[in-house]
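First the structure, in the form of structure tokens, and then the observations on it.
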Amino acid sequence: MLPSGAVWTAALVFTPLLAALACFLAPRAANWIGLLAAGLTTLAAATMVPTLMTDGPLRIAVGGWGAPLGIDLYADGLSAVLLLMTAVVGLGVSAFAPAYFGAHPQQRPWFWPLWLILWAALNGLYLSADLFNLYVMLELLGLSAAALTALSGGGPALNAAMRYLLVSLLGSAAYLLGVALLYHAHATVDIALLGARIEPGMLANAALAVMFAGLMLKTALFPFHFWLPPAHAGAPAPVSALLSALVIKGSFYLLLRLWLDLFGDLSRLLPELIGVLGAIAVLWGALQALQQQRLKLMIAYSTVAQVGYLFLAFPLAGGLNGTTAWRAVVYLALAHGLAKAAMFLSAGALLRFAHHDRIADLDRAVHRLPLTLTAFVLAGVSIMGLPPSGGFVGKWLLLEAAFQQDRWGLAVVVLLGGVLAAAYVFKVVGYAFTPTAIAQEGGSVPLSMQWSALLLALGAILLGFAAPLLLPLLEVGAPFEPIVGMPS
Amino acid sequence: MQYFYFALILFLLLTLVAGLWRIRRGPTPADRMLAAQLFGTTAAAILLVLAEVSDAPALRDVALVLALLAAITVTAFTRRARISLPPGDDDAR
Amino acid sequence: MAWLTGLPLAVDLVLGATLLWLAWRALSSPDLFQAVALFIAFGVILGLVWARLDAIDIALAEIPLGAGVTGALLLAALSQLQPAEVDARAAPSATEANEHQAGQPGQTAETADADEAQHKPAVFRALLAAVMGLLLFAALFSLGLVTWQLWEPSSGLTQQVNTHLPESGVEHPVTAVLLNFRGYDTLLEIAVLLLALIGVWSLATASNLGDTTPEPVLAALSRLLAPLMILVAAYLVWVGAHAPGGAFQAGSVLGAAGVLLRLSGWRLPAGAAGWPLRLVLALGVAVFAFIGLAVIGLGEPLLGYPTAWAKHAILVIELAATLSIGAILASLFIGGRP
Amino acid sequence: MSSVLVLALTGAGLTLLGLHALIVKAHLLRKILALNVISSGIFLLLAGLAARTPGGEPDPVPQAMVLTGIVVAVAATALALALLLALRSATGRTRLDDDNGQ
């Protein structure tokens with residue numbers, strides 16, 4: 001008999017994949033195919049929620065073989081919330097894209113298949129329980145992301161895409177090395193089986209080291225962030241939104257999953273080290289963002305800072321109420337996804353309007369482009385972590401965990417990061433109110449571009465109110481509880 | 001018998017390495033071409049002997065594919081050699 | 001005659017040492033053309049190593065893919081870079097000087113290029129190199145130690161594969177893993193190939209390769225070889241059901257045939273270069289996904305072919321995949337959109 | 001078959017050789033070669049260890065994984081080379097620019 005969730009699970013991966021093929025075969029209809037696929041994929045993600053809430057976590061044996069021989073798919077609350085966030089951001093970006101690429105018609109036929117494959121890879125990543133299958137997903141994700149980065153052409157974008165591709169390939173190679181070691185030690189690549197079989201020792205440490213190094217490189221944790229700002233700033237606006245909001249979350253999710261299910265008990269030192277890197281990233285990224293003259297680069301450096309927050313949970317997780325820290329950073333990841341996508345889309349709208357993204361020359365953009373500026377400010381509220389946004393809920397939970405364990409240093413970093421974020425967001429808002437000496441001509445910006453940014457920003461705010469709904473969903477399958485039977 | 005085959009493989013392998021040395025040293029493009037050709041042939045021979053040693057007849061398929069493919073690489077090499085040989089390559093006669 | 005027993009070890013030692021030497025030369029030889037040539041030789045030796053490891057399926061793919069297609073791709077790229085493109089040859093050129101104006105302070109060893117380090121103090125560079133060397137040696141040591149520790153008899157999943165082999169629809173274990181037990185990976189892997197092609201086309205780097213007129217010898221050679229290669233590809237698909245071979249090996253040979261035809265100046269007829277070509281390119285993923293999803297309607301799990309049909313399902317998938325892989329590899333070589 | 005361990009260890013050596021070149025060498029073609037050497041080394045480790053089965057018949061699962069990996073590596077190489085050529089025709093450079101886009 002079919003497991004009840006089998007159909008939507010298949011739909012989450014195959015709808016975007018087959019739509020990508022359709023876009024490749026019929027480039028002229030790409031807009032319509034893409035929008036339809038975005039709608040259907042979002043529908044599949046939404047259908048999953050009630051199924052998971054009633055039936056609990058889902059495990060599907062592809063081909064009916066079952067691990068360790070076959071590949072298993074697995075979905076719990078953690079996969080579900082990330083799939084949902086991907087769907088919402090994906091829908092928003094897909095709604096933004098037709099108008100945006102109306103002005104860049106030569107890029108449009110390539111954007112759609114690449115983006116739909118990227119979506120399929122992300123969904124596949126969140127649904128897979130098989131380390132080698134995850135490697136294939138990582139490669140699918142990395143190659144499509146690099147190709148999308150290069151889409152706008154021109155020296156800086158190509159340079160950034162090239163560096164991104166090399167970094168991404170090195171990251172997945174390191175990950176694969178870890179998979180090879182684990183397979184030969186334990187004769188399986190299924191995460192759950194490995195979790196039961198893995199033992200502390202030299203081999204597990206080696207696998208942990210290479211896999212974490214590779215994935216931290218891909219997630220752009222300080223000091224591996226060097227490739228991120230040029231790539232995220234140089235890409236076309238909808239692509240920047242995808243890269244910052246979604247792609248980074250893919251490798252972070254995998255990192256988190258490996259830590260929770262495989263490596264969590266191996267090292268006491270590593271979480272502290274990761275926490276320190278995260279704290280540096282929060283402060284360094286925000287300070288860099290504050291100094292940028294270009295809007296898109298500022299938003300990209302803000303991503304470096306926001307990635308840092310995600311790693312602050314590692315040192316907290318082992319202590320009192322440690323699982324709160326995991327909930328906190330997952331919430332932050334969701335909020336950052338929506339808010340950062342909204343910010344990059346607003347930047348795209350501003351760029352279309354003013355033909356430049358110099359922050360100092362925004363010239364009364366507030367009066368001339370009110371919807372877009374509202375979107376930017378609302379997204380900024382969530383990035384700063386002010387109530388009632390999703391970012392606020394995440395930071396609140398993180399502070400709660402930090403206070404309970406008397407980790408005042410981490411609490412200060414969280415708060416300071418918020419203050420710095422406020423500084424760079426208000427810098428933009430300030431210039432947007434200020435007239436420049438020479439009045440600037442503005443072009444027209446299609447409403448679909450402005451509204452998709454605004455709706456995503458509203459989503460980031462509403463995420464604050466959705467906590468009573470989302471936090472129980474996150475608990476499905478108890479992803480943060482220690483696995484029973486694991487040696488400690 | 002097994003060891004005879006291994007001795008043969010070792011001998012062919014050493015020939016191969018000597019050929020590689022010739023590819024690297026030159027001195028003329030013709031030397032390189034010939035060495036490259038010979039390289040593919042020797043590798044195919046090693047595969048055929050290995051097919052005997054490990055009792056894996058499928059290795060002969062590999063030798064077949066290698067023999068066919070050698071044409072490609074040599075073609076690509078010649079093509080490149082005609083477009084432009086890198087200057088300062090140590091073939092200054 | 002005790003020394004005779006050392007012969008297999010000697011063979012493996014020579015193979016390993018040759019691989020390391022070739023890789024080292026390919027990565028350090030000042031002449032890029034030579035580097036690429038050595039890299040192609042590296043691929044052939046790697047093929048021998050796979051044969052030595054009884055990994056015949058991999059050898060069958062490595063030689064046409066690793067040595068053939070990758071080699072041809074590298075050579076084609078090299079011929080489009082200017083002839084004077086020689087790495088680290090003479091003193092830094094003018095463009096090089098421009099590149100180095102804007103080094104980022106505070107960058108870590110991960111980003112530091114040798115060239116980039118040129119404007120840093122010599123002591124700092126030496127220190128950086130020493131630290132990196134030390135780290136690499138430590139990594140090599142631990143990786144070697146871990147490999148050593150792992151080296152004790154273990155059958156992995158061999159028994160499981162053999163137990164379920166009769167249900168898989170094929171008799172050859174590697175094909176069964178690729179097309180059935182782990183078919184999901186394989187489907188996505190063909191998608192990776194297609195994705196790379198879409199990416200290459202989106203960059204629109206029109207290749208000027210093959211636009212020159214072919215030499216008569218070359219034309220004759222390819223007329224002779226191409227049909228032979230297509231025949232070998234067909235044989236490899238067929239043989240894959242019960243012996244080493246299958247869609248990837250066949251597709252690689254097919255792709256290599258396409259590269260050869262292209263090198264000899266052959267072009268796709270104008271009528272076939274548009275959507276018919278795209279259809280062939282997309283066929284592999286489309287057929288695989290269609291069959292994999294259609295079985296859900298029969299009450300089977302995703303990609304779970306009923307045992308009675310598995311043989312036919314796999315054959316259809318393999319044929320479509322072979323065509324697509326061959327077409328994609330050949331198109332990757334051509335580079336620019338047709 | 002224990003002499004095959006030599007080949008698995010060669011895989012480890014290749015991986016680190018490639019990593020060294022990837023970091024040190026500036027020319028992008030060389031970096032692409034280095035990445036290929038890295039993946040070849042990892043494949044060698046993965047499939048080399050598969051040859052330690054007691055029965056003599058190697059484990060087919062890692063072999064299938066390596067086949068998948070080789071195809072992915074070719075795809076990645078093709079994309080990287082196309083990017084290199086595009087970068088070259090846009091900027092005339094064959095190295096990465098370290099100016100972070102500012």
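Note: hydrogens, waters and symmetry copies are ignored here, and every other heavy atom, side chains too, is used. Remember, predicted model here, so these are calculated numbers, not experimental data. Just so we're on the same page: letters track the sequence lines, and every chain starts at 1.
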Winner by heavy-atom pair count (cut-off under 4.5 Å) against chain D, out of [options]:
options                                  : result
Pro8(C), Ala35(C), Ser28(C), Ala23(C)    : Ser28(C)
Leu74(C), Asp185(C), Leu60(C), Leu195(C) : Leu74(C)
Ser155(C), Gly43(C), Gly156(C)           : Ser155(C)
Val192(C), Val177(C), Leu27(C), Leu13(C) : Leu27(C)

Quick one: [atom1] on [X] to [atom2] on [Y], what's the gap to the nearest 0.5 Å?
X         : Y         : atom1 : atom2 : result
Ile58(C)  : Gln63(D)  : CD1   : CD    : 4.5 Å
Leu19(D)  : Leu135(C) : CG    : CG    : 10.0 Å
Phe137(C) : Leu16(D)  : CZ    : CG    : 9.5 Å
Trp50(C)  : Leu67(D)  : CH2   : CG    : 9.0 Å
Trp24(C)  : Leu17(D)  : CH2   : CG    : 9.5 Å
Leu143(C) : Leu45(D)  : CG    : CG    : 5.5 Å

Are the side chains of [X] and [Y] in touch, meaning some heavy atoms are under 4.5 Å apart?
X         : Y         : result
Phe248(C) : Thr68(D)  : no
Pro60(D)  : Thr158(C) : yes
Leu193(C) : Val72(D)  : no
Met132(C) : His20(D)  : yes
Leu81(C)  : His27(D)  : yes

Checking Asp59(D) side chain against Leu157(C) main chain: does a donor-acceptor pair fall under 3.5 Å? yes

Answer yes or no: is there a donor N or O on one side and an acceptor on the other, between the side chain of Arg52(D) and the main chain of Glu152(C), under 3.5 Å? yes

Heavy-atom distance under 4.5 Å to chain C: side chain of Leu81(D), backbone, both or neither? side chain

Region of Leu29(D) in contact with chain C, defined by heavy-atom distances below 4.5 Å: side chain

Looking only at heavy atoms and a cut-off of under 4.5 Å, which of [options] has the most pairs with chain C?
options                                : result
Val74(D), Thr77(D), Asn36(D)           : Val74(D)
Leu9(D), Val66(D), Leu44(D)            : Leu44(D)
Val61(D), Leu79(D), Val71(D), Val37(D) : Val71(D)

For the pair Ser154(C) and Thr53(D), evaluate side chain to side chain contact (heavy atoms under 4.5 Å, CB included) and give the outcome as yes or no after the intermediate values. CA-CA 5 Å; Ser154(C) 153; Thr53(D) 44; over 6 Å; no

Would you mind telling me which of Leu7(D), Val6(D), Thr10(D) makes a side chain to side chain contact (heavy atoms under 4.5 Å, CB included) with Leu15(C)? Leu7(D)

Which atoms of Gln160(C) come close to chain D, meaning under 4.5 Å heavy atom to heavy atom: side chain ones, backbone ones, both, or neither? neither

For residues Glu57(D) and Pro173(C), report the shortest heavy-atom separation together with the two atoms involved. OE2-CG, 3.9 Å

Please lay out, stage by stage, how Arg182(C) and Met65(D) fare under the test side chain to side chain contact (heavy atoms under 4.5 Å, CB included). CA-CA 9 Å; Arg182(C) 298 189 67 92; Met65(D) 289 175 180; 4.2 Å; yes

